[in-house]
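Starting from 1, each residue takes its place in the sequence as its number.
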Amino acid sequence: MNDIVVRFGGEEFIILFPKTNIQEGYEVIDRLRGKFKELSFEGKRTFFCTFSSGIVEVNNVNTLEYWLQLADSALYEVKKKGRNRVQKAESLYSFWPQKTLKVAVVDDDPIIRTIIKGILTKFPHQQMVLEVKTFKDGKDFMNSKWHITEEDPCLVILDGIMPNVDGLEVLKRLHSQEQQGLYKVIMLILRNSKKDVARALQLGADDYMTKPFNLLELETRVGKLMSRMF
């Protein structure tokens with residue numbers, strides 16, 4: 001079978017090596033990394049580039065989203081250590097203590113709250129313990145002391161349009177708190193609301209999705225953001 005290369009975002013790529021174990025994949029990618037850094041590119045001046053990679057050996061036990069998150073976590077670990085490296089994900093979490101990640105789903109639609117909570121509770125996270133809680137609107141969320149901690153990060157999946165206190169107002173209040181660095185926010189915004197998208201990003205939202213959203217895309221984006229919160 002042939003290897004498969006897929007572009008996965010702006011500067012990220014996935015390479016699938018069928019019938020290849022993790023050590024063989026590591027050797028191939030590390031060899032490519034070594035050759036790539038020696039290539040020269042011509043623009044206004046000559047320059048060189050490097051790349052980093054996270055590698056995971058896939059089996060049929062977990063979901064595709066799980067393996068993507070695991071590989072992405074390995075890649076993030078490489079970037080913290082200086083880049084231009086290849087990191088195996090097989091032992092990435094063996095020395096990491098489990099930490100708590102709070103996840104708040106804030107939406108006035110009870111069906112959406114139930115669907116998103118169902119997705120989150122099925123996430124296989126070896127490096128963290130998830131605490132998922134839903135809130136019926138922004139006021140309900142801001143009045144809760146559950147998400148206010150000194151050290152536990154909190155991912156907020158936040159609807160933009162809600163009664164009482166809307167998502168943009170919640171976003172402003174979160175980023176005025178002393179613990180603002182502990183929060184990451186994904187905004188859920190109605191399609192064609194470009195002004196709301198721009199305003200959400202200006203106020204500090206880390207990502208956004210338009211309603212109606214694709215569940216697989218939501219799962220993937222949430223997984224990527226979670227993997228970068230520790």
Closest non-hydrogen atom pair, E24 against N21:
N-OD1, 2.8 Å
Exam field: side chain H147 to backbone F141, donor-acceptor pair closer than 3.5 Å:
yes
Hphob cluster co-occupancy, L182 + L203, side-chain heavy atoms under 4.5 angstrom
no
Please examine the side chains of I15 and I4, heavy atoms only from C-beta on, and report whether any two atoms are closer than 4.5 Å.
no
Sidechain N-carboxylate O distance under 4.0 Å for E12, K224
yes
Heavy-atom closest pair (M226 atom, L120 atom, distance to 0.1 Å) is CE-CD2, 3.7 Å
ILVMFWY network linking I29 to V78, side-chain heavy atoms under 4.5 angstrom
no
Would you say T220's side chain and L216's backbone share a donor-acceptor pair under 3.5 angstrom?
yes
Can you confirm whether Y208 sits close enough to L201 that some side-chain heavy atom of one is under 4.5 Å from a side-chain heavy atom of the other?
yes
Answer yes if the ring centres of F48 and F41 are under 6.0 angstrom apart, and no otherwise.
no
Check whether any side-chain heavy atom of V222 sits under 4.5 Å from a side-chain heavy atom of L155, and report yes or no.
yes
Measure across M187 and A200 and return the closest heavy-atom pair with its distance rounded to 0.1 Å.
CG-CB, 3.9 Å
Approximate separation, where rounding is to 0.5 Å, of Q87 CD and L75 CG
10.0 Å
Salt-bridge test for R199 and D196: reply yes if a basic N is under 4.0 Å from a carboxylate O, no otherwise.
no
Work out which heavy atom in W146 is nearest to a heavy atom in S144; give both atom names and the distance.
N-OG, 3.1 Å
Using 0.5 Å steps for rounding, measure from the NZ atom of K102 to the CG atom of L130.
11.5 Å
Keeping the roles fixed (side chain from T20, backbone from P18), state whether a donor-acceptor pair exists under 3.5 Å.
yes
Closest non-hydrogen atoms of K37 and G34, given as atom of the first, atom of the second and distance, are CG-O, 3.2 Å
CD1 (I116) and CD1 (I111) are apart, to the nearest 0.5 Å, by 12.0 Å
Give, for atom CZ of F135 and atom CG of N143, the distance between the pair rounded to the nearest 0.5 Å.
10.0 Å
Is it the case that over 12 heavy atoms from other parts of the model lie below 6.0 angstrom from the OH atom of Y183?
yes
Would the distance check show the side chain of D107 and the main-chain N or O of I112 forming a donor-acceptor pair, the cut-off being under 3.5 Å?
no
Taking the side chain as everything from C-beta on, heavy atoms only, tell me whether M209 gets closer than 4.5 Å to I157.
no
Using a strict threshold of under 4.0 Å (side-chain N to carboxylate O), is an ion pair present between E27 and R31?
no
Quick one: which of K139, M142, H175 gives a side chain to side chain contact (heavy atoms under 4.5 Å, CB included) with V170?
M142
Please answer whether the main-chain N or O of N84 pairs with a side-chain N or O of S52 as donor and acceptor at a distance below 3.5 Å.
yes
Do C49 and L39 have side chains that approach each other closer than 4.5 Å (heavy atoms only, starting at C-beta)?
no
Criterion side chain to side chain contact (heavy atoms under 4.5 Å, CB included) on L171 and V185, from CA distance to verdict
CA-CA 8 Å; L171 196 56; V185 179; 3.8 Å; yes
Roughly how far, to the nearest 0.5 Å, is NZ of K184 from CG of L174?
12.5 Å
With heavy-atom distances below 4.5 Å as the criterion, would you say the side chains of I115 and L215 are in contact?
yes
Would you check if the side chain of R7 reaches a backbone N or O of I14 as a donor-acceptor pair within less than 3.5 Å?
no
Test log, rule side chain to side chain contact (heavy atoms under 4.5 Å, CB included), inputs L190 and T210
CA-CA 5 Å; L190 290 176; T210 56; over 6 Å; no
Looking at side-chain heavy atoms only, is the closest gap between R33 and V86 below 4.5 Å?
yes
Could you grab the distance from atom CG of D109 to atom CG of D137, nearest 0.5 Å is fine?
12.5 Å
Check: K35 main-chain N/O paired with E38 side-chain donor or acceptor under 3.5 Å
no
Please walk me through it: do L188 and I161 pass side chain to side chain contact (heavy atoms under 4.5 Å, CB included)?
CA-CA 9 Å; L188 302 179; I161 300 177; over 6 Å; no
Between T114 and K117, is any pair of side-chain heavy atoms under 4.5 Å apart?
no
Which atoms form the tightest heavy-atom contact between A74 and I55, and what is the distance?
CB-N, 4.5 Å
Positive for salt bridge (Lys or Arg N to Asp or Glu O under 4.0 Å) with D159, one of R113, K136, K211:
K211
